[in-house]
Each structure stands twice: as C-alpha cells, then as structure tokens.
Visitor: 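Starting off with a structure, shown below.
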Amino acid sequence: MKRSRATSPPSISAAAKQQISPPATPILRQKLHKAGVPKWFPLKLTQTELTLPLTFPTGQTFRWKQTGAIQYSGSIGPHLVSLRQRPGDDTVSYCVHCGTSPKAAELALLDFLNAEISLAELWSDFSEKDPRFGELAKHLRGARVLRQDPLECLIQFLCSSNNNIARITKMVDFVSSLGLHLGDIDGFEFHQFPSLDRLSRVSEQELRKAGFGYRAKYITGTVSALQSKPGGGDEWLLSLRKLELQDAVAALCTLPGVGPKVAACIALFSLDQHSAIPVDTHVWQIATRYLLPDLAGAKLTQKLCSRVAEAFVSKYGEYAGWAQTLLFIAELPAQKALLQSFSQPIQLDKPAEKKTE
DNA sequence: AAGTGCCCTGTGGA
DNA sequence: ATCCACAGGGCAC
C-alpha cells in the first residue's frame, strides 16, 4: 500500500504557498506536548464504533494522511490531531498537536467522527433488513461516515469528477496548502482548510497551472457563487443541514461543477443527510448485483440513478447512506480480498415496484 | 427524458 | 512507441 505523497505535488508555486494574510483570529499554539513526545488520550469510542483503516482511507476525505501503522492525522478547524489504534487494544486514542485547547479539540474530533451515532445500533438494524450485513460485520465493524466541514467537503468533491484518488489527493493538497500551516507529521504538511475569502483569491489560471484541468473553473465559480450568498457561503452551506435531502441536493446542484453524484457525497459526508446515496459506477455495480438484478447491464442514466437511490432507501431506511457506504467499503480491493474467502452471494428481496409518475 | 461529445490529466494495457 | 480507454462527473447542446 503506497502513500499518495510518493509523488510530491509538482508545481506549488512559492507565491501560492505563501500566506496572504494572517487568520482573523490568531491561533493559540499551545505546547500540548513536548517535542517528539506526544501525549495520547483515550477517545470515548471503542473499536466497534470506530476502526480507523475502515474509515479514513475510504474516499470520504482526501485530507487525512496515514502517519503510522494504524494512525491517521488531519486537521479539524484550527486543530491538528492524530488518531491511533493498537493491535489487541480496543480503545482508540487521540493526540492534539496544536489547536485552541485540548478540550475544544476533543469536542471537534467527536463531532467530526459523528460520535453520537451508534454504529452498533445501525449494524443491528441493517442486519435485520439484510442478512448480508451479518457476514459484513465480521470485517467491516467500525467503519463510519464522517461529518466533515461542508466547504471542505464541497471543494474536495469538486475535484473528484472523472478523476482518480491519487490525483484528487494531489489537488486537495494544493488547495489545503493555501491555508494556515499547522505542522508536519511523518513527512506530511498539515494546513487549516483555507477560508472562502482565501479561496476567492485563487485564479482559475493558477488552478489550471496546478493541474486542476477543467475543474479549475468549478472551484472559482463555486467559490464566487458561495460568496454572493446572503449571510456568507459558510452559513449558507451550514443551513443545508436543516433541509430535506432533496432540497439540500437541489441547492448544491446550483453550484457549478456540482451534479447529483457530487451533491450526494457532500450531503452524506458533511450535511447530516444520512440517507443520501452517491450513485457512481461502483455503487451501480453493487446495486445491480444485490438490489436491482433486473437492471444488470443497463446503462446508468439519470433516471436509473434515482431508482438506485430509492432502492437503497426503501431497503435500509433513514441511514441508507451509511449502509451504502459499508457496502462500498466492502468492495474496496483490500476488503474484497478478505471477504471473498467465505462470502457467498446472497439473493436479496427486490424492492417494492415503483410506478413511474 | 435520453443520448452524445467534450472537458483536463495520468495511467495501464493493447 | 503510440494510441486509447478509463478513472468514484458535469455541462451544453
């Protein structure tokens, strides 16, 4: 398993890396631990509720880096934190490298991890609705859906269109480098995600030079559209958390570069829209195998995308997005190899017939 | 509605 | 060596 930093970002200009202005509120850089001797605290989540390798390298975020055997690091707001697990130890530990205060960092972390949502309850619920989850649980226990910052999530998935993980990561690294530098861990640089204001000072040309291709205009266009929202783009994005799923998706789709798939990713990974189903070719494969076998081989049209999403929701309910994420993770190469040894295909019930309106 | 060509770039296979 | 399909889409006809 190679780390994506193996190829370093090619053309981050010195100017682009430079901080244009200091952050509005100065970050208090507390010495939370002596250099080289980080202090680890237990998190209020056991391995059943959080398994790091099943959560961070699964395509939900491209900002967190693997900084140890079972250790991932990333920034949440002004905080730079690491999470770690040890073999045979059921607890997950965290370490705060910098931030406003240790308590604030812990709260931000728990929020980011969606800690209030009980995976145990979800597994129990899914297993009743789908016997396949009984088998899946053996290997996918602890896989979570994150609750990311909406702007951060939006920009990341703007980069994801018709793209691969290695390049998405490179592009996200570039955007991140525009934010305040928080520290280095295991050779990785970590930055606070740049503000909307900071992002608005990046030109399409600069982004193209950095390798964004046609997605460059998505970024500048979306940033500009967000800035013109009454009350500011951040508040506008946050307000989508209170809307119904279809309204939130519709609002997101007004932004340039955001279509149904990207909107669903943002909704699920940052807007508390737990039943959002990002339908891409992978999910389509899963759906035609287990949920809609009659449609196997059909072309993935927009109409069929919504049928797939409906099928997931009708089978798994309010948290269908989480169910879909678990099935998706099961299909990732590393997990698939593990599962294949004993997993038998299970024929599932077909969802209730939907009449076309 | 649905179909098609196009948009950027890196990669692996033909 | 060169070409080409394709990679976790979106947009404009």
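Numbers restart at 1 for each chain; the letters A, B, ... are given by sequence-line order, proteins then strands.
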Visitor: Rounding to an integer number of Å, can you tell me how far A:Ile168 CD1 sits from C:dC6 C1'?
Guide: 14 Å
Visitor: Side chain of A:Thr301: nearest nucleotide among B:dC8, B:dG3, C:dG8?
Guide: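 Out of B:dC8, B:dG3, C:dG8, the nucleotide with an atom closest to A:Thr301's side chain is B:dG3.
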Visitor: Starting from the C-alpha separation in whole Å, work towards a yes-or-no answer on ring-ring contact (aromatic ring centres under 6.0 Å, His included) for A:Phe56 and A:Trp64.
Guide: CA-CA 7 Å; A:Phe56 285 92; A:Trp64 282 63; 4.6 Å; yes
Visitor: Heavy atoms, side chains only, cut-off 4.5 Å: are A:Phe190 and A:Asp184 in contact?
Guide: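 With C-beta onward as the side chain, the pair stays apart.
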Visitor: Which part of the nucleic acid, if any, lies within contact of A:Ser306, taking any heavy atom under 4.0 Å across all strands shown: a base, the sugar-phosphate backbone alone, or nothing?
Guide: nothing
Visitor: Pull out every protein N or O sitting under 3.5 Å from an N or O of nucleotides 4-6 of chain B, one pair per line with the distance.
Guide:
none

Visitor: I'd like to know whether the aromatic ring centres of A:Phe133 and A:Trp123 sit less than 6.0 Å apart in this structure.
Guide: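 Centroid separation for A:Phe133 and A:Trp123: below 6.0 Å.
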Visitor: Set out, line by line, the N/O atom pairs under 3.5 Å between protein and nucleotides 10-13 of chain C.
Guide:
| residue | atom | partner | partner atom | Å |
| --- | --- | --- | --- | --- |
| C:dG10 | OP1 | A:Gly259 | N | 2.7 |
| C:dG10 | OP1 | A:Gly259 | O | 3.2 |
| C:dG10 | OP1 | A:Val262 | N | 3.1 |
| C:dC11 | OP1 | A:Gly257 | N | 2.9 |

Visitor: Strictly by modelled atom types, are A:Ser195 and A:Asp197 linked by a side-chain donor-acceptor pair under 3.5 Å?
Guide: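 No, because no side-chain N or O of A:Ser195 sits under 3.5 Å from a partner of the opposite role on A:Asp197.
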Visitor: Can you confirm whether A:Arg241 is buried at CZ, in the sense that more than 12 heavy atoms of other residues, nucleotides or ligands lie under 6.0 Å from that atom?
Guide: yes
Visitor: Show me the dot-bracket string of DNA chain B, counting Watson-Crick or G-U pairs under 3.5 Å, with | for pairs to another strand and [ ] for crossing ones.
Guide: ..|||||.||||||
Visitor: Could you check whether A:Phe328 gets within reach of a base, just the sugar-phosphate, or nothing at all, counting any heavy atom under 4.0 Å?
Guide: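 The answer is base, as A:Phe328 lies within the cut-off (heavy atoms under 4.0 Å) of a base atom.
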Visitor: Using a heavy-atom cut-off of under 4.0 Å over every strand shown, decide if A:Arg208 touches base, sugar-phosphate, or nothing.
Guide: sugar-phosphate
Visitor: Cluster question for you: counting only ILVMFWY and a side-chain heavy-atom cut-off of under 4.5 Å, with indirect links fine, are A:Trp40 and A:Val81 together?
Guide: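 Result: no, two separate clusters.
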Visitor: Please check: side-chain N/O of A:Glu152 versus main-chain N/O of A:Ile155, any donor-acceptor pairing under 3.5 Å?
Guide: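 Flag not set: sc A:Glu152 to bb A:Ile155 has no pair under 3.5 Å.
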Visitor: Check the pair A:Phe126 / A:Tyr319 against ring-ring contact (aromatic ring centres under 6.0 Å, His included), numbers first and verdict last.
Guide: CA-CA 9 Å; A:Phe126 294 156; A:Tyr319 283 83; 7.7 Å; no
Visitor: Tell me the interatomic distance from A:Leu252, atom CG, to C:dG9, atom P, rounded to whole angstroms.
Guide: 17 Å
Visitor: Between C:dC6 and B:dT4, how many Å separate the two P atoms, rounded to a whole number?
Guide: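 Their P atoms lie roughly 15 Å apart.
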Visitor: Using a heavy-atom cut-off of 4.0 Å across all strands, would you classify A:Asn162 as base, sugar-phosphate, or nothing?
Guide: base
Visitor: Taking the P atom in each of B:dC8 and C:dC13, what is the distance between them to the nearest angstrom?
Guide: 16 Å
Visitor: Does the pair A:Tyr218 and A:Phe212 meet the rule for a ring-ring contact (aromatic ring centres under 6.0 Å, His included), with working shown?
Guide: CA-CA 10 Å; A:Tyr218 292 167; A:Phe212 281 64; over 10 Å; no
Visitor: How far does the P atom of B:dA2 sit from the matching atom of C:dG8, given to the nearest Å?
Guide: 25 Å
Visitor: Please tell me if the side chains of A:Val202 and A:Arg198 come closer than 4.5 Å, counting only heavy atoms from C-beta onward.
Guide: yes
Visitor: Rounded to whole angstrom units, what separation is found between the CZ atom of A:Arg215 and the P atom of C:dG8?
Guide: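 These atoms are roughly 12 Å apart.
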Visitor: Between B:dG5 and C:dA5, how many Å separate the two P atoms, rounded to a whole number?
Guide: 12 Å
Visitor: Are the side chains of A:Cys159 and A:Phe62 in contact, using a 4.5 Å heavy-atom criterion?
Guide: no
Visitor: Tell me the interatomic distance from A:Gln285, atom CD, to C:dA7, atom C1', rounded to whole angstroms.
Guide: 14 Å
Visitor: Indicate yes or no: at least one non-hydrogen side-chain atom of A:Thr100 is less than 4.5 angstrom from one of A:His79.
Guide: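 Side chain of A:Thr100 against side chain of A:His79, heavy atoms only: contact under 4.5 Å found.
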